[in-house]
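Notes to accompany the following structure.
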Amino acid sequence: MAQLVSLEEAISKVQHGMTLMVGGFIGCGAPDQLLEEVCQKGVKELTLIANDTGILGDAMSQLIVQRCVSKLIATHIGTNKETGRQMSADELEVKLVPQGTLVEQIRAAGAGLGGILTPTGIGTIVEEGKQKLVVNGTEYLLELPVHANVALLKAYKADMAGNLVYRRAARNFNPIMAMAADLVIAQVEHIVEVGEIDPDEVMTPGIFVDYLVQKQPREVTNAG
Amino acid sequence: MAQLVSLEEAISKVQHGMTLMVGGFIGCGAPDQLLEEVCQKGVKELTLIANDTGILGDAMSQLIVQRCVSKLIATHIGTNKETGRQMSADELEVKLVPQGTLVEQIRAAGAGLGGILTPTGIGTIVEEGKQKLVVNGTEYLLELPVHANVALLKAYKADMAGNLVYRRAARNFNPIMAMAADLVIAQVEHIVEVGEIDPDEVMTPGIFVDYLVQKQPREVTNAG
Amino acid sequence: MEWLVKRVAQEFNTGDVVNLGIGIPTKVANALPEGIKIILQSENGYLGVGPAPEVGKEDSDTVNAGGQYATILPGGCCFDSAMSFAIIRGGHVDATVLGALQVDEEGNLASWMIPGKMVPGMGGAMDLVVGAQRVIIAMEHTAKNGGLKVLKKCTLPLTAAKQVNLIVTDMGVMEVTSKGLVLKEITPGLTFEEVQACTEASLSYRAE
Amino acid sequence: MEWLVKRVAQEFNTGDVVNLGIGIPTKVANALPEGIKIILQSENGYLGVGPAPEVGKEDSDTVNAGGQYATILPGGCCFDSAMSFAIIRGGHVDATVLGALQVDEEGNLASWMIPGKMVPGMGGAMDLVVGAQRVIIAMEHTAKNGGLKVLKKCTLPLTAAKQVNLIVTDMGVMEVTSKGLVLKEITPGLTFEEVQACTEASLSYRAE
């Protein structure tokens with residue numbers, strides 16, 4: 001059962017050294033206010049699992065810039081040069097994973113699967129150190145589940161039972177990560193009463209969600 | 001791109017000896033009119049992949065009763081005694097599969113995976129003849145993809161682009177099967193114009209669907 | 001039987017996600033202690049199973065995993081079978097309550113077939129027993145013909161190996177431990193010896 | 001460059017599901033022949049990518065896989081990343097158009113990293129190249145420093161092995177066959193010898 005809590009209370013559960021999943025795709029669908037609070041709190045030594053590390057300047061990128069992360073599992077880091085710099089300088093351990101593989105690994109963890117066989121990465125350095133299996137004459141890589149201590153998500157709408165609805169391309173990794181973490185925190189734009197979301201409209205069942213955090217309106221900063 | 005066609009035209013693609021997936025769970029979400037047409041047409045020697053074979057008397061059950069099926073892959077046959085009778089009499093080959101395994105096998109076929117590792121069935125006769133793998137100290141069965149020539153689905157709503165929306169518990173296997181067949185035929189209650197279904201409401205992307213068939217109103221048969 | 005159902009219902013806390021098998025287990029939903037609210041999962045694709053609908057208000061798209069008309073409570077949600085079994089196999093169901101043909105002191109369960117006789121299929125039971133955090137068996141202690149059902153070792157094909165946590169019957173409550181079955185409660189009016197006499201497995205008694 | 005983009009755009013039929021990579025490939029959408037309507041997939045989670053929004057009508061939830069504001073056409077639909085890559089890896093994308101650092105006569109592709117230099121990550125490219133029915137490489141025939149890019153054997157780490165079907169460059173169109181690269185078209189104004197001179201792989205010429 002989800003609880004509506006303050007930003008501070010929710011992020012108090014994010015501790016040094018934890019493995020953190022964060023939804024979003026180059027910022028779209030990333031829970032910016034939750035991320036800002038993680039930075040603010042100064043949590044360090046995180047293992048971050050995310051599609052990317054945002055665009056330099058956005059909330060996601062700050063996790064890297066402010067050195068909250070010691071290990072990164074992602075599919076693409078080209079939009080945040082600081083990630084590449086830290087990687088090249090051996091300040092950050094980076095594991096790059098094909099996007100379709102990463103999302104299936106997360107799904108496998110959530111769905112209780114011991115792994116999945118994918119053709120992606122065969123014949124590339126991605127296959128290094130991995131078990132290969134041949135099924136019906138085709139080679140596949142065995143990719144293992146990826147689980148996290150905490151998932152930080154962004155949703156468009158939620159009811160007080162924790163049911164989540166995402167909007168447009170902001171859905172991306174969010175509903176998959178919701179299944180694969182011990183603790184799930186969602187930053188939500190609109191929170192409504194139980195019964196106001198049609199059962200068929202729900203994209204993440206409320207049983208996956210622990211904390212709801214109401215997105216706060218922010219003052220727009222105008223230069224000058 | 002989906003085409004709106006007649007029941008007869010759609011089912012003309014279902015040929016003797018094909019492998020057929022049919023959505024539904026004890027009748028709920030099963031495309032009754034498509035099934036009736038398959039029986040009517042007298043297609044034989046089908047391999048049927050479905051959760052169950054319906055309740056004796058319903059459209060799904062008739063596929064068995066009228067001996068359209070020579071091989072069945074299902075999770076439960078207890079609600080259609082004729083299926084059990086044909087199986088016991090060696091008139092029908094039946095392969096029983098755990099429900100969670102069957103749906104992942106279908107999903108694997110649709111998602112281009114070579115298989116999935118599941119803990120389900122370990123220590124039971126389900127593991128017979130299957131490869132076992134140990135991941136992090138736990139034993140899993142390797143379950144392989146299950147694909148079909150044709151999938152028959154039931155949807156509540158569709159637009160002319162083939163996007164499908166299901167309703168309540170009638171969703172079940174339908175969206176998963178939509179991904180795993182060469183030809184996908186959906187029986188639809190409400191067909192609307194392109195643009196009338198919000199992009200976030202779509203449960204099966206239209207690119208998966210080949211034929212839409214408008215569900216026909218039927219005269220209610222009153223006894224006496 | 002009434003005792004059995006009420007006793008199973010005491011195993012839950014508010015907020016627990018529970019999947020109830022067909023038969024005796026289904027009755028548990030109506031026997032919950034005052035104030036306890038659990039979330040029922042139906043493996044055909046939704047959370048928030050409510051009571052049977054009023055006559056005339058049946059919805060053919062809203063049926064439970066037994067195929068009977070059902071309702072969805074406010075806060076419930078629907079999903080496809082892949083998500084349903086991701087929930088089940090992924091450990092997101094706190095408890096499942098199922099019937100059994102046989103169960104043994106190692107926690108093995110046989111519930112889905114009698115070779116040469118009854119083979120309805122396992123449906124979602126194998127996934128539920130493997131995936132649920134707690135597996136509770138609710139059944140009559142012995143078969144109608146008097147045959148024993150709580151055994152040293154199941155003789156029928158298994159539904160899953162070593163997954164059962166608790167066995168609740170009309171004679172008492174047994175916990176599966178690494179040292180075998182511990183009889184935690186005896187149905188009022190019975191003695192330990194009477195329960196043991198109807199049980200092939202050796203029971204040790206430890207009231208809680 | 002304009003020729004390249006227009007030429008790639010001729011590869012499609014109405015109804016084709018196409019995923020366009022960032023850069024040159026993206027321009028293909030605006031160069032389709034009259035009457036051809038394709039369905040663009042964006043791997044961050046939707047089908048039916050439309051043109052860039054009007055100024056002032058940007059929606060921060062509707063961006064393409066390059067992170068730029070986009071639109072969704074009527075008939076489009078949104079989904080999560082698991083479904084997006086089920087579509088891609090499952091063979092439901094008819095064609096993908098991607099850039100390349102190197103491509104070779106076996107259809108091997110290198111596009112995602114230069115060891116010790118540029119390692120942006122593979123993003124969705126490895127899945128796209130393995131899963132799409134046809135893989136079309138759209139790129140300049142040679143590197144800015146004059147280095148060759150159409151090789152006998154890629155020297156950079158691969159994105160995928162033996163998956164490329166067609167290579168379209170500013171110099172011509174090459175098909176990957178079991179017998180190596182077949183130059184099907186030469187950009188007007190160039191000769192076979194000029195194209196071969198800029199290509200490490202041996203080309204055979206067969207106009208269609």
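Letters A, B, ... are given to chains in the order of the sequence lines, protein chains preceding strands, and every chain is numbered from 1. In this text, all values refer to a predicted model and were calculated from it rather than measured experimentally.
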Which atoms of [X] are under 4.5 Å from chain A, going by heavy atoms: the side chain, the backbone, both sets, or neither?
{"X": "D:I88", "result": "neither"}
{"X": "D:E43", "result": "both"}
{"X": "D:M83", "result": "neither"}
{"X": "D:N108", "result": "neither"}
{"X": "D:A65", "result": "both"}
{"X": "D:T159", "result": "backbone"}

If you check every heavy atom in residues 71-84 of chain A against those of chain D, which residues fall under 4.5 Å?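 Interface residues of residues 71-84 of chain A: A:T75, A:H76, A:I77, A:G78.
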
Non-hydrogen contacts under 4.5 angstrom with chain D: give the residues of residues 113-122 of chain A involved, or none if there are none.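 Counting heavy atoms that sit under 4.5 Å from chain D, the residues of residues 113-122 of chain A involved are A:T118, A:P119, A:T120, A:G121, A:I122.
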
Tell me the closest heavy-atom pair linking A:A169 and D:N44, and the distance in Å.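 For A:A169 and D:N44, the tightest heavy-atom pair comes out as CB-ND2, 3.8 Å.
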
Nearest heavy-atom pair of D:D80 and A:N172: which atoms, and what distance?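 That would be CB-O, 3.4 Å.
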
Counting only N and O atoms by type, is there a donor-acceptor contact under 3.5 Å from the side chain of A:R167 to the main-chain atoms of D:D61?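 No, A:R167 side chain to D:D61 backbone: no donor-acceptor pair under 3.5 Å.
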
With distance as the sole test, does D:D127 use its side chain to make a donor-acceptor pair with the main-chain N or O of A:G100 at under 3.5 Å?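 At least one qualifying donor-acceptor pair exists.
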
Should we say atom NZ of A:K130 is surrounded by more than 12 heavy atoms from elsewhere, each under 6.0 Å from it?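 For A:K130, atom NZ is crowded (more than 12 foreign heavy atoms under 6.0 Å).
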
Is it the case that over 12 heavy atoms from other parts of the model lie below 6.0 angstrom from the CD atom of D:Q10?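 Correct, the count exceeds 12.
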
For each of [options], tally heavy-atom pairs with chain A at distances under 4.5 Å, and name the one with the top tally.
{"options": "D:D59, D:V63, D:I72", "result": "D:D59"}
{"options": "D:R89, D:Q163, D:M113", "result": "D:R89"}
{"options": "D:G124, D:G121, D:P120", "result": "D:P120"}
{"options": "D:G45, D:A82, D:S42, D:G123", "result": "D:G123"}

What part of [X] gets closer than 4.5 Å to chain D, counting heavy atoms only: side chain, backbone, both or neither?
{"X": "A:I26", "answer": "side chain"}
{"X": "A:P98", "answer": "both"}
{"X": "A:M87", "answer": "side chain"}
{"X": "A:V97", "answer": "backbone"}

Could you give the distance from [atom1] ([X]) to [atom2] ([Y]), rounded to the nearest 0.5 Å?
{"X": "A:C28", "Y": "D:N64", "atom1": "SG", "atom2": "CG", "result": "10.0 Å"}
{"X": "D:M126", "Y": "A:Q99", "atom1": "CE", "atom2": "CD", "result": "12.5 Å"}
{"X": "D:S84", "Y": "A:F25", "atom1": "OG", "atom2": "CZ", "result": "8.0 Å"}
{"X": "D:F85", "Y": "A:L102", "atom1": "CZ", "atom2": "CG", "result": "9.5 Å"}
{"X": "D:S60", "Y": "A:R168", "atom1": "OG", "atom2": "CZ", "result": "12.0 Å"}

